[in-house]
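What follows is a set of notes on a single structure, which appears directly below.
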Amino acid sequence: MTNLLTSNSYNSHKADRIQKLQQQLNRAESYTEWKEIALQLDEVSGSQEWKLDNSSPYFDAEVISYRLGLLRRYRQQNRIKDLIYILREGLTYDIANICHPMLFVECYIGTKKIIEDYVDEVSQALEQVATAPNELLNYAEKIEFFKNCQTAYGQPALMFSGGATLGLFHTGVCKVLREQDLLPRVLSGSSAGAIMAAMLGTSLPEQVDQVLTGEHFFSEAFHFRSISALLKDKGGFADVRYLKKFLMENLGDVTFEEAYQRSGLNINIAVAPYDASQNARILNRFTSPDLLVWSAVLASCAVPILFPPVHLTAKRYDGEHTPFMANTYWVDGSMRSDFPQEKMSRLYNVNYTIACQVNPHIVPFMQSDEDRYRRDLLSWPERILRRQGKVFAKGVMDFTRERIGAVPQVRRLLDHGYGIIDQRYYGDVNIFAHYNMKHYIYMLQNPKPHLFMRLQREGEKATWSKISTIEMHARIGKTIEHALHAIMREAALAELTASYAAT
């Protein structure tokens, strides 16, 4: 009985300690503070024991253990050729399924120790290859190796959803990722997310921090029209001229190609033809290099009913503005392609995606990774309900289309509805807002400093818990990138030194 009482007292004390730490975690004011508390929580809750246990249904520990042993031995023996051979053999970010989302839900910080050790060992092995003596591996061979590594490994993409003024949440996500040097170079956005992607993609690298202060967002982008104006024509509830002015002032007269030259970022804007029989598109420096960025963003923000559909504008080689696909009207890309993952994967060799979701009609239905990947019997009813609910909704729309689909307005509405339901709203890493009724009031308000600060803060807090996962996913790719840049600098310097010596 004494032992039992002692055990109960200990468990009660432990639960109280965990509860207090969780409260401190929720009140954290910076990622540094949040991380320190999170590490304490992992220690107190016993998550460290889970880290040391290699058994898991979600990844192949045997494959990782074997490769880890080889990499350590070759690196310690400085066997550069063997290191290159074994690295090439398994250069993929999710080898043996080590990036499965369920491996990142048990702890606030980190995952299984063997996975952490493996990622660390691969990074050290790459660094050893990069710094190998030229007698073993010359500059040309190193550059070829690391360029091949970049192609094999791929790069991440960050996707911003629509959500009107609630899109200010995206600024908090970007702020944290930039502070941790984890902001991807491939960005996509639709509607409000298109504004975020374009703001970053048309700025010089040294201007990004200023953009994230929110100063450029404070404008009357939403200006609602009077009843008499609405009755006169078929325009939307909001005056598109105010939004257009806001975009032109902040994004400038810059094409997608010019934006890339300025920022080094690949921005992708999702738009959809007003005629729903055509497929949605992403606009970028490959698909539409001469298209003006502000024009693409305006189209992506043309939410049906709120704004009218718009034409796109390009800039010709002589600076003259000309129509882009003159006979086509365009609307909000989130209607049918909020997250254009497959198209970006083909263009940019994307290996994983970070999805930032704030759409008010999507967020309430988003599931955590634990809920999405649960395998127990209790999860079956919800899973079946969600799947059948989607099938039922699509069936109702098909039934309606067959009977009154001849009416253009009805068919267009059904097509947009079908597009919304049939999309994939998750990335490999998901950052999404948590809404209450106040957020729906904020949705169509013009951005003001107090609203910006609140939504940005929510974005920061939502991102802190994902940083550990993103760091794990990104580390090898960043090691490859940094090593390649360092080798190319050294090679250029060596060539310059040799040319001076020769003269």
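Computed from heavy atoms alone, side chains included, the values below leave out hydrogens, waters and symmetry copies. Throughout, numbering of the chain's residues begins at 1 and tracks the sequence.
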Item to complete: For Ser263 and Pro205, work out which heavy atoms get closest and say how close.
Response: O-CG, 4.1 Å
Discussion item. Would you compute the distance between atom CD of Glu179 and atom CG of Leu212 and round it to the nearest 0.5 angstrom?
Written reply: 9.0 Å
Fill in: Side-chain donor-acceptor pair present, Asn26, Gln22, cut-off under 3.5 Å
no
Worksheet entry | Side-chain donor or acceptor of Tyr118 paired with backbone N/O of Lys113 under 3.5 Å | no
Discussion item. Determine whether a donor-acceptor pair (N or O, by modelled atom type, separation under 3.5 Å) exists between the side chain of Tyr440 and the backbone of Pro360.
Written reply: yes
Fill in: Phe145 side chain reached by Ile480 side chain, heavy atoms, under 4.5 Å
no
Fill in: Any donor-acceptor N/O pair, Ser188 side chain to Met159 backbone, under 3.5 Å
no
Discussion item. With side chain to side chain contact (heavy atoms under 4.5 Å, CB included) as the criterion, how do Leu182 and Lys466 come out once you've worked through the C-alpha distance, each side chain's angles and the decisive distance to 0.1 Å?
Written reply: CA-CA 11 Å; Leu182 293 171; Lys466 302 294 182 178; over 6 Å; no
Worksheet item: Are Lys51 and Glu106 ion-paired here, with the side-chain N under 4.0 Å from a carboxylate O?
Response: no
Fill in: Single hit among Arg185, Gln155, Gln150 for side-chain hydrogen bond (donor to acceptor under 3.5 Å, both in side chains) with Glu481
Arg185
Discussion item. Students often mix this up, so state it plainly: with edges at 30° and 60°, are the rings of Phe432 and His434 parallel, tilted or perpendicular?
Written reply: tilted
Worksheet entry | Ile109 vs Cys107, side chain to side chain contact (heavy atoms under 4.5 Å, CB included): CA-CA, chis, key distance, verdict | CA-CA 5 Å; Ile109 303 293; Cys107 304; 5.8 Å; no
Worksheet item: Taking the side chain as C-beta and beyond, is there a heavy-atom pair between Ile470 and Leu177 under 4.5 Å?
Response: yes
Worksheet item: Is there side-chain contact between Ile64 and Asp60, with heavy atoms separated by less than 4.5 Å?
Response: no
Fill in: Centroid-centroid under 6.0 Å between His473 and Tyr352 rings
yes
Practice prompt. Would you give the length of the straight line joining atom CG of Asn349 to atom CG of Asn351, rounded to the nearest 0.5 angstrom?
Written response: 7.0 Å
Worksheet entry | Residue pair Leu292 / Val254, side-chain heavy-atom distance below 4.5 Å | no
Discussion item. Show the nearest heavy-atom pair for residues Val350 and Pro156, with the distance to one decimal.
Written reply: CG1-C, 4.4 Å
Fill in: Taking every non-hydrogen atom, the tightest pair across Ile282 and Met344
CD1-CG, 4.1 Å
Item to complete: For Glu342, look at atom CD and say whether over 12 heavy atoms of other residues, nucleotides or ligands are found less than 6.0 Å away.
Response: no
Worksheet item: For Lys478, does the NZ atom sit with more than 12 other heavy atoms under 6.0 Å from it, leaving out its own atoms?
Response: yes
Practice prompt. Could you tell me if the ring centre of Phe146 sits under 6.0 Å from that of His485?
Written response: no
Worksheet item: Should we count CD of Gln77 as having more than 12 external heavy atoms under 6.0 Å?
Response: yes
Discussion item. Please determine whether a side-chain nitrogen of the Lys or Arg among Arg454 and Glu458 lies less than 4.0 Å from a carboxylate oxygen of the Asp or Glu.
Written reply: yes
Item to complete: Would you please say whether a donor-acceptor pair under 3.5 Å links the side chains of Gln261 and Glu257?
Response: yes
Practice prompt. Would you please test Arg72 and Asp117 for side chain to side chain contact (heavy atoms under 4.5 Å, CB included) and show each step?
Written response: CA-CA 10 Å; Arg72 277 178 175 162; Asp117 289 346; 3.9 Å; yes
Worksheet item: Where do Glu89 and Arg67 land on the side chain to side chain contact (heavy atoms under 4.5 Å, CB included) test, with the steps shown first?
Response: CA-CA 10 Å; Glu89 185 183 72; Arg67 289 185 55 79; 2.9 Å; yes
Discussion item. Rounded to the nearest 0.5 Å, what separates atom CG in Leu200 from atom CE in Met196?
Written reply: 4.0 Å
Item to complete: Name the orientation class of the two ring planes belonging to Trp464 and Trp34 (parallel below 30°, tilted from 30 to 60°, perpendicular beyond 60°).
Response: tilted
Worksheet item: Taking the six-membered ring of Tyr74, is NZ or CZ of Arg79 closer than 6.0 Å to its centre and within 45° of its axis?
Response: no
Worksheet item: For the side chain of Thr131 and the backbone of Glu127, is there at least one donor-acceptor N/O pair under 3.5 Å apart?
Response: yes
Discussion item. Go through it in stages, so that I can follow the logic: the residues are Asn284 and Thr287, the test is side-chain hydrogen bond (donor to acceptor under 3.5 Å, both in side chains), and I'd like the CA-CA distance, side-chain angles, deciding distance and then a yes or no.
Written reply: CA-CA 5 Å; Asn284 52 48; Thr287 63; 3.2 Å; yes
Practice prompt. Give a yes or no on this: more than 12 heavy atoms of other residues, nucleotides or ligands lie within 6.0 Å of atom CD of Gln23.
Written response: yes
Worksheet item: Judged by modelled atom types alone, do Ser47 and Ser45 share a side-chain donor-acceptor pair under 3.5 Å?
Response: yes
Worksheet entry | Closest heavy-atom pair and its distance - Thr353, Gly427 | OG1-CA, 3.4 Å
Discussion item. Under the criterion ring-ring contact (aromatic ring centres under 6.0 Å, His included), I'd like the reasoning laid out for His170 against Phe160: C-alpha separation, chi angles, the key distance, then a yes or no.
Written reply: CA-CA 7 Å; His170 298 320; Phe160 304 114; 5.0 Å; yes
Worksheet item: Is the shortest heavy-atom distance from the side chain of Cys149 to the side chain of Leu87 under 4.5 Å?
Response: no
Practice prompt. Please tell me if the side chains of Asn268 and Leu187 come closer than 4.5 Å, counting only heavy atoms from C-beta onward.
Written response: no
Practice prompt. Take the angle between the ring planes of Phe286 and Tyr348 and call it parallel below 30°, perpendicular above 60°, tilted in between.
Written response: tilted
Worksheet item: If only atom types and distance count, is the side chain of Arg457 paired as donor or acceptor with the main-chain N or O of Glu29 below 3.5 Å?
Response: yes
Worksheet entry | Under 3.5 Å: donor-acceptor pair, side chain of Asn54, backbone of Ala61 | no
Worksheet item: Do the non-hydrogen side-chain atoms of Glu460 and Thr171 ever get within less than 4.5 Å of each other?
Response: no
Item to complete: Starting from the C-alpha separation in whole Å, work towards a yes-or-no answer on salt bridge (Lys or Arg N to Asp or Glu O under 4.0 Å) for Lys175 and Asp209.
Response: CA-CA 8 Å; Lys175 185 170 180 285; Asp209 289 333; over 6 Å; no
Fill in: Closest heavy-atom pair and its distance - Gly90, Ile95
O-CD1, 3.6 Å
Discussion item. Using every non-hydrogen atom in the two residues, find where Ala198 and Ile267 come nearest and quote the distance to one decimal.
Written reply: CA-CD1, 4.3 Å
Discussion item. Atom NZ of residue position Lys461 - does it have more than 12 heavy atoms of other residues, nucleotides or ligands inside 6.0 Å?
Written reply: yes
Item to complete: Would you check if the side chain of Lys112 reaches a backbone N or O of Trp50 as a donor-acceptor pair within less than 3.5 Å?
Response: yes
Worksheet item: Checking Asp94 side chain against Asn97 main chain: does a donor-acceptor pair fall under 3.5 Å?
Response: no
Fill in: Interatomic spacing from OH in Tyr153 to CD1 in Ile476 - rounded to 0.5 Å
4.0 Å
Practice prompt. Determine yes or no for a side-chain-to-main-chain donor-acceptor pair under 3.5 angstrom, with Ser191 supplying the side chain and Gly162 the backbone.
Written response: no
Worksheet item: So do Pro184 and Ile354 actually touch side chain to side chain, heavy atoms under 4.5 Å?
Response: yes
Worksheet item: Between the side chain of Asn430 and the main-chain N/O of Cys356, is any donor-acceptor distance below 3.5 Å?
Response: no
